[in-house]
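Lettering follows sequence order; numbering is per chain, from 1.
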There are 2 protein chains.
Amino acid sequence: MIERKSERTKSAIRAAARQVFALVGYERATIRDIAREANIDPAMVMRYFGSKDGLFADTANFDLNLPQDLGEAPDKAGERMAAHFIAVWEQEGSGFAVLLRSASSNPVAAARIAAVLSEQLLPAVVAMVGPQEAPQRAGLIASQMLGLALSRYVLSLGPVAAMSREQIIAGIGPTLQRYLYGPLAR
Amino acid sequence: MIERKSERTKSAIRAAARQVFALVGYERATIRDIAREANIDPAMVMRYFGSKDGLFADTANFDLNLPQDLGEAPDKAGERMAAHFIAVWEQEGSGFAVLLRSASSNPVAAARIAAVLSEQLLPAVVAMVGPQEAPQRAGLIASQMLGLALSRYVLSLGPVAAMSREQIIAGIGPTLQRYLYGPLAR
DNA sequence: CACGTTTATCAACACTCGTTGACAAATTCT
DNA sequence: AGAATTTGTCAACGAGTGTTGATAAACGTG
């Protein structure tokens, strides 16, 4: 057999876990729920992922994957960044929904979001504006993007969820642009 | 006795509940934890609040309390709004921390945040810019403010938590200003 | 003081959860 | 085919949870 049977089961569990975790969060998701969603026995989850924590750690990952050339067209950076964020989030199984849904109550998820900020967003901003002002600028950007994701995808707040991608980008792009290159308080 | 003894106990429970709920969220908070924090018996919680849900419903309330005169100085509205948000959140026992910490996993909390948007923020924005564009503008404002609160108070993301109130206001005020009165995509 | 009401204590129930281990079935290898 | 390994099933355990009811202590009132 070219592919172990267990790999099929593992990915079925993973897919079900992503779905359930993203929908109800780490605490409310039960192994029994996930197993039922994947049409397997709860014990299989333990066999292949060791524990509920292990499954979550495997499922809740996210790569921001920012383009490297944002700084080459500085006047377009904000808009491009906004568009990139939305594109990455809306691709299925990105793991970001899992992460954000559980971040408020699960320390592991919170730490991973913090890591995305410090290891992916911050370096990109450093490359654009230098190390001096980068933390503050990256922090402001993170606050806007996380707030958008929370409002639109997690809480589904009416007005935010109703906006089109284009409206979102038109609204938030200039904000990111200013957070990147606009004036800053000392 | 001028004040029933039960009122003392009830407010002790309330205070402990706010603290525990705000720290770990609805699901991870246990009645036993809250009771221990308040130095009372778990059964007292049931007597006075009926259920864990009842206690949460009693604890998790929030009034944005926006000033009525924001529209009178339109060029200052964004900055004043930002300053007001921060002031309201940082006053102890505001209940907002409880709400936001649990919003991602608790439907009641999510619904209450949605209600703050639709019943408090939206009407204020309608009064300033009219009903046509208000939903989109209020949605954008909510996304930025929720994201700030999430980053700074719930997740304590380093760069955001490190900023001073003045830096926050200087950074976010202009954003709200543009969300209120700036150009908008159709 | 004695009585009724309010407040507090305690132990237990019923349930759900993550997790485990024994065992069976299927699959692969010799 | 027979043995060994992998994969799956099932029932149960132990811990923790919200919740309840019986019972005691504290308190105000005649």
query = Quick one: A:Glu7 CD to C:dT28 P, roughly how many Å, whole number?
reply = 14 Å
query = What is the nucleic acid contact for A:Ala35, judged by heavy atoms within less than 4.0 Å: base, sugar-phosphate only, or nothing?
reply = nothing
key: Mutual orientation of the aromatic rings belonging to A:Phe21 and A:Phe56 [parallel < 30°, tilted 30-60°, perpendicular > 60°]   = perpendicular
Integer-rounded Å distance: C:dT16 C1' and A:Asp33 CG = 11 Å
message = Return whichever of A:Arg32 or B:Thr30 has its heavy-atom-nearest nucleotide of DNA chain D closer to the 5' end.
response = A:Arg32
ask   = If you pin B:Gly50 and A:Met44 to their nearest nucleotides in DNA chain D, which one's is more 5'?
value = A:Met44
key: Separation of D:dT19 P from B:Phe49 CZ (nearest whole Å)   = 14 Å
query = Please give, in whole Å, the distance from D:dT19 P to B:Ile34 CD1?
reply = 11 Å
key: Interatomic distance where CZ belongs to B:Arg8 and C1' belongs to C:dA8 [whole Å]   = 16 Å
inquiry  = Less than 4.5 Å apart, side chain to side chain, heavy atoms only: is that true for A:Arg165 and A:Glu90?
reply    = yes
inquiry  = I need the CD-C1' distance between B:Glu27 and C:dT16, as an integer number of Å.
reply    = 14 Å
key: Separation of atom CG in B:Asn39 from atom C1' in C:dT7, rounded to whole Å   = 16 Å
message = Without decimals, in angstroms, what is the distance between A:Lys52 NZ and C:dC17 P?
response = 9 Å
message = Under 4.0 Å from OP1 or OP2 of C:dA8: is there any side-chain N or O of B:Thr9 that close?
response = yes
message = Counting only side-chain heavy atoms from C-beta out, which of D:dT7, C:dT9, D:dG18 sits nearest to B:Asp41?
response = C:dT9
remark   = DNA chain C nearest-nucleotide lookup for A:Arg47 and A:Arg28: closer to the 5′ end is A:Arg28
task = With the side chain counted from C-beta on, respond yes when A:Val20 and A:Leu23 share a heavy-atom pair under 4.5 Å apart, and no when they do not.
result = no
inquiry  = So B:Tyr48, base contact, sugar-phosphate only, or nothing? Heavy-atom distance under 4.0 Å.
reply    = sugar-phosphate
ask   = Is it true that B:Arg36 and B:Asp41 make a salt bridge, defined as a side-chain N closer than 4.0 Å to a carboxylate O?
value = no
note = Quick note, A:Met46 side chain, CB onward, closest among D:dT7, C:dC10, C:dT20 is C:dT20
message = If hydrophobic clusters are built from ILVMFWY residues whose side chains come within less than 4.5 Å, do B:Ile141 and B:Tyr153 share one?
response = yes
